[in-house]
Amino acid sequence: MPRNPRRWLLLVLLAFSLFPFPLSLVNGAAQQSPAAPKYDLLIRGGHVIDARNKISAIRDVAIAGGKIAAVEAKLNPGDALKTVDATGLYVTPGLIDIHTHNYTGTGERGSYAGDNSVSPDGFTFRVGVTTVADAGCAGWRNFEDFKQRIIDRSKTRILAFINIVGNGMRGAQYENDLNDMEAKPTADMALKYPGLIIGVKTAHYTGPEWAPVERAVEAGTLANIPVMVDFGANKPERPVAELVTKKLRPGDIYTHVYSGLRGELDPSGHVNPGLIEGRKRGVIFDVGHGGGSFLWRIAVPAIKDGFLPDSISTDLHIGSMNTGMKDMLNVMDKFLAMGLSLDDVVAKSTWNPAREIKQDGLGHLSVGAIADVTVVRVEKGRFGLTDMNGARMDSTQRLMCELTVKDGRIVYDLNGISRPEWRTLPAGYGPIGDGRWDGLNPARGTTPGTQRGRGGAPQLRQSGGK
Ligand SMILES: [Zn+2]
């Protein structure tokens, strides 16, 4: 101890100026020291399936700042704040379900702009889905209500097809009203929210006219986005072959392709030649399983004919969620059961749908891409898969979601593979995750850009509706 108190004070000040690290600790645990690990999260040893980058191999995936930082055969766990062992599991881009119904909460009965829709967060992360596209629940008149009510408040990334009907899917009297199908205001609303409104939907029309399809295509052309068609009632005046060979543009999407409700198979039991011609023109074919749009007796012969879907989607809503359609992984299981490879099924649930809706920043694990990652287990056993009429196909495998990462943070972890065993923790432990990788239980003050800790999950949504 120096004898002179002033000299002692000077020494203390000198020590702090030379070693500022203790001061940064005083300022708060969230502050990163210069020695902070290179990666926030490292998923090690899993079999990566990334269709865009043509990877199907064991890889380590590193994430930093919500983006993919590296995908390599071996990365150093010492470089990561958090490491998860994915040995024996499959690591894919976050799944993208482009046919869901999410405009709930208005209180309207019997309406997809109301009670028929579901809030997505209860159905998505637990099956590896990080992005959904709402398939036309709202039109230009109520889109902004949908946005403020559901889209802006959900953790799932919700994109939307805007309905060509101004009132959206409020029921038959609205959805058959040709006077409320206007291309210009529909396109204007889409152009107001680029990257959020990613397509135009026409659906459920029961009349003989082509007008709903024509106006949807007109709106899609004005806004430079694709059209998705649920072709409604089967009418001889507007056959499906003419729809996909003449009315739709390349890149437009025909959903419910294995419903069999509109002549998808011809009377000989083979795929309608019109659909094959439509595919050659560049029309896209989507599953849209739903409560009433998937039959084994249609899908199996179509797949045998080589007519595979471009994208796999659920058509999730209250009328499908507990029927033959269970969830996204269940629909993927059906295509595995029909003989498609896991690589192919994953491509049709990630990179293909991302491209269809022109969101090529999603659906892959390129360095710099948004870090949405899904870790699944292929479970072996005896399983059954049912179609819309309750017919079963047996299967020996199914996909289970182990871990879901959205924007670089873990938002679902079925078996706690990212978590420490509780007895290894101090007595009286609190929330222990770090907000740089943990979207579930981050310790207070560890999430960058937010002061919220447990119970106040940070808003991970992108601004501007991207
Ligand atoms: Zn639908």
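Counting from 1, the numbers follow the sequence of the chain as shown. Both ligands and their constituent atoms are indexed starting at 1 by order of listing.
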Open item on the list: Is the positively charged end of R279 above the ring of F285, judged by distance under 6.0 angstrom from the centroid and angle within 45° of the axis?
Closed with: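 Here R279 fails the 6.0 Å and 45° test against F285.
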
TODO: Say whether D286 and S311, considering side chains only, have a donor N or O and an acceptor N or O under 3.5 Å apart.
DONE: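 Yes, side-chain donor-acceptor contact under 3.5 Å.
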
TODO: Return the orientation label for the H317 and Y112 ring planes: parallel under 30°, perpendicular over 60°, tilted otherwise.
DONE: perpendicular

TODO: With the Zn ion (ligand 1) as the centre, enumerate protein N/O/S atoms below 2.8 Å in chain and residue order.
DONE: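 Result, waters dropped: H99 NE2, H101 NE2, D315 OD1.
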
Task: K147 with D152: basic N within carboxylate O range, under 4.0 Å - done: yes

Open item on the list: Any carboxylate oxygen within less than 4.0 angstrom of a Lys/Arg side-chain nitrogen, looking at D180 and R141?
Closed with: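 Yes, D180 and R141 are salt-bridged.
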
Task: salt bridge (Lys or Arg N to Asp or Glu O under 4.0 Å) partners of residues 311-334, not counting sequence neighbours, each pair once - done: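 Listed once each, the pairs would be none.
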
